[in-house]
Amino acid sequence: MRLFTPEAMRVADARAVELGYPSLLLMEAAGRAVAEAALAAWPAARRFVVVSGKGNNGGDGLVAARWLLLWGREVRVFAPEGHRGDAALARAALEVHQSVEPIEALDLRGAEVVVDALFGTGLSRPLEGEWAERVALINAADARVLAVDVPSGLPHEPHVQADLTVALAGLKPAHVFYPERSACGRIVLADIGMPRALLESRELPELLEPEAMRALLPARPGDAHKGSVGRVLVVGGAPSYTGAPALAALGAYRAGAGLVTVAYPRDAAGVEPPLEAVRLPVARWQDARLAEARAEAVAVGMGGGEGGGAAARAVLRLRKPTLLDADALYPEVLKVYAEAALPTVITPHPGEAARLLDQSPAAVAAEPLAHARELARRYRTVAVLKGGPTVICKPGRCAVNTTGNPAMATGGMGDVLSGVIAALLAAGLEPWDAARLGVYLHGLAGDAVARVGLVARDVAEALPGARARLARGEVRPYWDWGLLGG
């Protein structure tokens, strides 16, 4: 499943028409899906108000109004003059049954459900004047609000705050990225008859879904032992950051690693790895003892402090698939790894990504897909840009995670993630697959214990259960499928 920009969806719509699929059928299916979703969400509601704009989004709303009328609901429709094309045909069909009132007379009193069909995706500037006032009226109404495709006004302020959003054909950035996703309420994805081939373009970012991630889970043979299912070396720790390598080790074990060794400086005496881990205190990061772990994968940089770069250079000599996090994430370090052509994964948060790209953290957070792509291209690696949601890119491909929640914004969470991905690398997954599955499982575990006040250990401990549920096929995405989507 792919993430559609507004422009990509317009291209898909146009291509469907070129292939012979009438655009009016797409509008009819979209409007009917909206009406079905409204009645499924609020079956007892009798009084609806549909607020329509001039474009195709407004046309979808006009179709929804007609179906609601045909299904016995009271519907008032407010819209401006000037509909064209398919939207004009939708208006004409509606007016066979009931007249459309002028948008200037908008009256939401008595409505139980308001259908927002003012504007679709791709607004280039914030709403102003009367349009902004209409959005304010919708938000102030004593009614449930259903948005058609996206809440009107997004991605700007002001915008409609919806209780339910019916995404048409595919998910758009507003349905996935915060803070816009918060305006959507519950999300229903409706199949409106778009040809399947047009919805699976590999040029678009992948949305991580349960079945695709389930297929990546490493097999666990009946004769498995601790040396056959993945040995991980965690390298990090400094006197002021003793918890980070321990959390990474715990994440690796809980993600399925058979044996975890934690290497840390001898002067970082407070490092307390899990009881099951092998301790490897070293005098200096050039210490040849790192090879004693016989690891299949390495995670380096967690809590490394000023020694993080030296630790990463020492690990490079092991020539193993490596995850670099936190204090290993410096341009000079990643350039050396890129030149060595080792399988690598980097896991920066926006602040660390800003350091690697000579940008501001705010700029990185504002455009995570673009900056994750640049990280992957510049450093020839798999880049995991942590955020809401996390974006994973390698040269030529990107994916967006669909698990996780704001309660996970707490210290040590990234350390656990590093251990999870390292465990999957040690189990034999390629960096791209290990990163996608690791991020997905980490978020899924966070969703299992979602509550403000959780700590990183809670997520680590929830990993085995999350993995088991995924393996059994019990996981569903955060969006619902509309009635036409099955």
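If you're wondering where the values come from, they're calculated on a predicted model, not measured in any experiment. Note: hydrogens, waters and symmetry copies are ignored here, and every other heavy atom, side chains too, is used.
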Hey, are the side chains of [X] and [Y] touching, using non-hydrogen atoms and a 4.5 Å cut-off?
{"X": "Leu437", "Y": "Ile421", "value": "no"}
{"X": "Val166", "Y": "Val148", "value": "no"}
{"X": "Arg254", "Y": "Val459", "value": "no"}
{"X": "Val150", "Y": "His175", "value": "yes"}
{"X": "Leu356", "Y": "Tyr379", "value": "yes"}
{"X": "Gln161", "Y": "Val145", "value": "no"}
{"X": "Tyr330", "Y": "Leu324", "value": "no"}
{"X": "Pro321", "Y": "Val298", "value": "no"}

Honestly, is Arg76 close enough over Phe48, meaning NZ or CZ under 6.0 Å from the six-membered ring centre and within 45° of the axis? no

Against the six-membered ring of Tyr478, is Arg181 placed for a cation-pi contact (under 6.0 Å from the centre, within 45° of the normal)? yes

Backbone N or O of [Y] within a donor-acceptor pair of the [X] side chain at under 3.5 Å?
{"X": "Ser418", "Y": "Gly414", "answer": "yes"}
{"X": "Glu180", "Y": "Pro173", "answer": "no"}
{"X": "Asn139", "Y": "His159", "answer": "yes"}
{"X": "His442", "Y": "Met413", "answer": "yes"}
{"X": "Ser201", "Y": "Glu203", "answer": "yes"}
{"X": "Arg47", "Y": "Gly110", "answer": "yes"}
{"X": "Asp163", "Y": "Leu146", "answer": "no"}
{"X": "Asp415", "Y": "Met302", "answer": "no"}
{"X": "Arg355", "Y": "Leu329", "answer": "yes"}

Taking atom types as modelled and ignoring hydrogens, do the side chains of [X] and [Y] form a donor-acceptor contact shorter than 3.5 angstrom?
{"X": "Thr381", "Y": "Thr344", "result": "yes"}
{"X": "Ser152", "Y": "Asp116", "result": "yes"}
{"X": "Glu352", "Y": "His349", "result": "yes"}

Nearest-0.5 Å distance that lies between atom [atom1] in [X] and atom [atom2] in [Y]:
{"X": "Leu417", "Y": "Thr390", "atom1": "CG", "atom2": "OG1", "value": "7.0 Å"}
{"X": "Arg2", "Y": "Arg202", "atom1": "CZ", "atom2": "CZ", "value": "6.0 Å"}
{"X": "Ile138", "Y": "Leu106", "atom1": "CD1", "atom2": "CG", "value": "6.5 Å"}
{"X": "Leu375", "Y": "Ile392", "atom1": "CG", "atom2": "CD1", "value": "13.0 Å"}
{"X": "Met27", "Y": "Asn57", "atom1": "CE", "atom2": "CG", "value": "9.0 Å"}
{"X": "Leu137", "Y": "Asp107", "atom1": "CG", "atom2": "CG", "value": "9.5 Å"}

Leu171 vs Ile187, side-chain contact (heavy atoms from CB on, under 4.5 Å): CA-CA, chis, key distance, verdict: CA-CA 9 Å; Leu171 295 187; Ile187 296 169; 4.2 Å; yes

Can you see which heavy atom on [X] is nearest to which on [Y], and at what distance?
{"X": "Cys184", "Y": "Pro151", "value": "SG-CD, 3.8 Å"}
{"X": "Pro389", "Y": "Val400", "value": "CG-CG1, 3.5 Å"}
{"X": "Ala435", "Y": "Val382", "value": "CB-CG1, 3.7 Å"}
{"X": "Val232", "Y": "Ala422", "value": "CG2-O, 3.7 Å"}
{"X": "Ala407", "Y": "Val452", "value": "CB-N, 3.9 Å"}
{"X": "Ala174", "Y": "Leu154", "value": "CB-CD1, 4.0 Å"}

Can you confirm whether [X] is buried at [atom1], in the sense that more than 12 heavy atoms of other residues, nucleotides or ligands lie under 6.0 Å from that atom?
{"X": "Glu95", "atom1": "CD", "result": "yes"}
{"X": "Arg109", "atom1": "CZ", "result": "no"}
{"X": "Glu367", "atom1": "CD", "result": "no"}

Does a side-chain N-to-carboxylate-O contact under 4.0 Å join [X] and [Y]?
{"X": "Asp433", "Y": "Arg436", "value": "yes"}
{"X": "Arg457", "Y": "Glu461", "value": "no"}
{"X": "Arg196", "Y": "Glu200", "value": "no"}
{"X": "Arg46", "Y": "Glu112", "value": "no"}
{"X": "Arg91", "Y": "Glu81", "value": "yes"}
{"X": "Asp149", "Y": "Lys172", "value": "yes"}
{"X": "Asp325", "Y": "Lys386", "value": "yes"}

Which pairs of donor and acceptor atoms, one on a side chain in residues 117-135, lie under 3.5 Å apart (sequence neighbours left out)?
residue: Glu130; atom: OE1; partner: Arg134; partner atom: NH2; Å: 3.2

Steps toward salt bridge (Lys or Arg N to Asp or Glu O under 4.0 Å) verdict (Arg66, Glu28): CA-CA 10 Å; Arg66 174 165 49 84; Glu28 180 68 16; 2.5 Å; yes

Stepwise salt bridge (Lys or Arg N to Asp or Glu O under 4.0 Å) check, Glu339 with Lys335: CA-CA 6 Å; Glu339 291 167 2; Lys335 287 175 182 176; over 6 Å; no

Is there a side-chain contact (heavy atoms from CB on, under 4.5 Å) between Leu208 and Thr403 once you walk through the steps? CA-CA 8 Å; Leu208 301 187; Thr403 60; over 6 Å; no

Working for side-chain contact (heavy atoms from CB on, under 4.5 Å), residues Val188 and Leu164: CA-CA 7 Å; Val188 172; Leu164 171 67; 3.6 Å; yes

List for me each residue that meets ring-ring contact (aromatic ring centres under 6.0 Å, His included) alongside Trp67, sequence neighbours excluded, and say none if there are none. Trp71

Mind running side-chain contact (heavy atoms from CB on, under 4.5 Å) on Glu374 and Cys393 for me, showing each step along the way? CA-CA 9 Å; Glu374 178 58 16; Cys393 288; over 6 Å; no

